[in-house]
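Scope of the values below: all heavy atoms of this structure, side chains included, with no hydrogens, waters or symmetry mates.
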Amino acid sequence: MAHFRYIGEENADTRFHDGALRPIIGAQNVQVMRANREHPEQSQGLSFTYNHAPMLCRWQKKLYLMYLTSPVHEHDGLSRVMLTESGNGFSWASPRLLFPEIPVPQGVYRGKGADSLPPDAKTVAHHRMGFYLSPGGVLLAMTFHGVSPNIHIAPNSGWGMGRVARRIFKDGSLGEVFVLRVNEKAGWKKEHFPYRFFEESEDRDFVAACQELLADGLATGAWWEEERLDEAFFPLKNIKAPSFCPLPDGRVGVIGKMGLTAISQDHGGTWSEPERMDGLFTATGKCAMLKTGDGRYAIVYNPSPDGQHRWPLAAIVSEDGYTYSHLACVCGEVPPMRYGGYLKDFGPQYVRGIMPGNDDSPDGYTWLAYSMNKEDIWVLRLPPRLEWREDRPVREVFSQMSGPFPERWHIYSPQWSRVGIEDGALTLRQSDAWDYAKAIRVFQEGETACLRLLLSVQGLENGEMHIEVSDGKGMNAVRLLLRRDGQAALRGGGGQWPIAAYQNGDLLDIVIKIDCRKKRVSASVNGTDSGDYMPISPCRTVERLTLRTGESRTGPTLETELKNIRLPDVPGGGERGKEAVYRLYQVEISPTGFPRIKLPVIPNQRPSINDHQSPNGLRGRSVFTGTL
């Protein structure tokens, strides 16, 4: 019997970016860095558009994130490592250089393509493990200097130069770069590096931390790929990009690419033979095995056998760390690849959690990092308990909430289309021509539902809000559009029908009704009713409310070719548009209808110039006095 197995009934339908899976309630995705070739000052200070392989740790109540960056392609002629940090995980500092590329000395490299190595070649950074928090409280960052004569020769082939490290101090400043380990089996020596060896450092705490790292079999277990020629140093072999997790029986589990797993009974000293996890479909994207805030276990990964089309990003859960079930989506978005490049794959991928021992201030949430399309860098916060069904009524007034996000909303928040609680409202901003903001609220599944939303719009001419109600697989029963022409319209089966006009600053009282048994949907805006229509799709039940600042995406598809192809850049990928702002003040969801509700006081709301005004100066009719 395999060490680990997936026994759930769910599998991802990868025709859809979310796999037609239920979303994890409270999963919150935040873009950390948006690549920008046209305006690098708005990004990472570099015009580099290949960004990938993020690593994450938390120290002194601050999250640190590093990632690889190259000009255009994977394994490009040079590759650097960037570093950013955040106090809350939602607002991140401008990335700064952590490890620069260094010259590759001539005549030493003996790997594939040695005859074609350019005379001015620079190293290509690569790592499967980026941070180490020592028992003495010293935080180290590290990377490996690989060699790639061309983009088709990987820097983790075993023939690269070696590993370097530096210290991160409590104030965020960086220590000197030192050589941590030379890849001597490949022919390299200390003098080939422009850095001193770590034992020469005057910082004795740094030296001690490096020695502790080198003696830690789990911490160094992810180094095998780059240094595979030194077989004696690595008990764990043939598992690429391993993710380690202590298990409740005292053993340690590991999962890597292709779903390969193994178990150690002596903290990484020896390992069982690697074997594929039963029932798990995955390919060359990374997997992350981790313990969740409620003491259970999860594996986060791309549940697809297609390594070029890496979607969705999903999670399975376990009570004992060995047997997993309930596949659900944590990120089901795949925006267009704005900047083409060789060996760039589609989707949210290469997920990494915080390595055991690298979090000195846990908050109960599970933090992970991933790249999108090998182009942009994201973080993901998962709640302490992973859930995909709601068993509680939904009645939320956002002025009564604190924090960047409401806890039970599934969030997708790009840098130029942010989502968050601002001034007493759940706010979705839209200024990215190639992406959108998205917020999902799961509610109790039922054959009927009545939803009431109170919201306003600014900059309506700059965007379009889609409000959808759907079933567990994401099939829409109905959609309400707040169009850029100032019309609110219902999309049901057979077409789209305008309901009412609205202006910037108007308070909109929106009611949406669905009856799956009678195959009927309707909506009203400030008391003006659409009438009844057939649903968009044959939903038998509904359970999901989605707010999205743009049309849903159908591409890329599984047929979008990537192998040995550089896709063209999209036009204006680095240009920011004018902003539309949508503010949701209150939402209530019921199987039937609602009693009279008290309207919230909306701060900084523009008085309407409609002929009928309420006592607080806001436009509306039955919104102020009606009962549903």
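- With F197 as the aromatic partner, K190 meets the cation-pi criteria of under 6.0 angstrom to the ring centre and within 45 degrees of the ring axis.
- We find that K344 and E74 are not joined by a salt bridge, their nearest charged nitrogen and carboxylate oxygen being 4.0 Å or further apart.
- Inter-residue side-chain proximity for R338 and L567 is flagged as unmet; no heavy-atom pair is nearer than 4.5 Å.
- In this structure, a donor-acceptor pair under 3.5 Å is absent between the side chains of S304 and N302.
- One finds no salt bridge joining D278 and R5 here, because no Lys/Arg side-chain nitrogen approaches an Asp/Glu carboxylate oxygen to under 4.0 Å.
- H3 and S272 share a side-chain donor-acceptor pair at under 3.5 Å.
- A315 and V330 make their closest contact through CB-CG1, 4.0 Å (heavy atoms, listed as atom of the first residue, atom of the second, distance).
- Between W271 and V254, some side-chain heavy-atom pair lies under the 4.5 Å cut-off.
- A salt bridge links D432 and R34; the closest N-O separation between the charged side-chain nitrogens and carboxylate oxygens is under 4.0 Å.
- Between the side chains of N88 and S86, at least one donor-acceptor pair of N or O atoms lies under 3.5 Å.
- Under the 6.0 Å cut-off for aromatic ring centres, F405 and F90 qualify, their centroids lying closer than that.
- Salt bridge D230/R181: present, at least one basic N to carboxylate O contact under 4.0 Å.
- A cation-pi arrangement is absent between R196 and F178, since the terminal nitrogen or guanidinium carbon is not both under 6.0 Å from the aromatic centre and inside a 45° cone about the axis.
- Looking only at atom types and distance, the side chain of Y301 has no donor-acceptor partner in the side chain of K257 under 3.5 Å away.
- R296 places none of its side-chain heavy atoms less than 4.5 Å from the side chain of K291.
- In the model, H410 has no side-chain atom that pairs as donor or acceptor with a side-chain atom of Q28 under 3.5 Å.
- Residues L63 and W367 are in side-chain contact: their nearest non-hydrogen atoms beyond the backbone lie under 4.5 Å apart.
- Between the side chains of D76 and Y342, no donor-acceptor pair of N or O atoms lies under 3.5 Å.
- Side-chain atoms of T123 and H145 include a donor-acceptor pair closer than 3.5 Å.
- A side-chain donor from one of Y322 and R251 sits under 3.5 Å from a side-chain acceptor of the other.
- When only modelled atom types and interatomic distance are considered, T69 and N51 share a side-chain donor-acceptor pair under 3.5 Å.
- A salt bridge is absent between R166 and E176; no separation between the charged side-chain nitrogens and carboxylate oxygens falls under 4.0 Å.
- Residue-environment remark: OH (Y195) exceeds the threshold of 12 foreign heavy atoms within 6.0 Å.
- Salt-bridge annotation for E38 and R576: absent, with no side-chain N of the basic residue lying under 4.0 Å from a carboxylate O of the acidic one.
- By the 4.0 Å N-to-carboxylate-O rule, D569 lies close enough to R37 to be salt-bridged with it.
- Ionic pairing of R58 and D363 is present here: one or more N-O contacts between side-chain nitrogen and carboxylate oxygen are shorter than 4.0 angstrom.
- W223 carries R163 over the face of its six-membered ring, with the cationic atom under 6.0 Å from the centre and within 45° of the normal.
- Counted by atom type alone, N373 and Y339 present zero donor-acceptor pairs between their side chains at under 3.5 Å.
- Classified by interplanar angle (parallel below 30°, tilted 30° to 60°, perpendicular above 60°), the ring pair W59/Y64 is tilted.
- Of the residues Q44, R352, R80, H52, the one that meets the side chain to side chain donor-acceptor pair (under 3.5 Å) test with Y67 is Q44.
- One finds no salt bridge joining E85 and K62 here, because no Lys/Arg side-chain nitrogen approaches an Asp/Glu carboxylate oxygen to under 4.0 Å.
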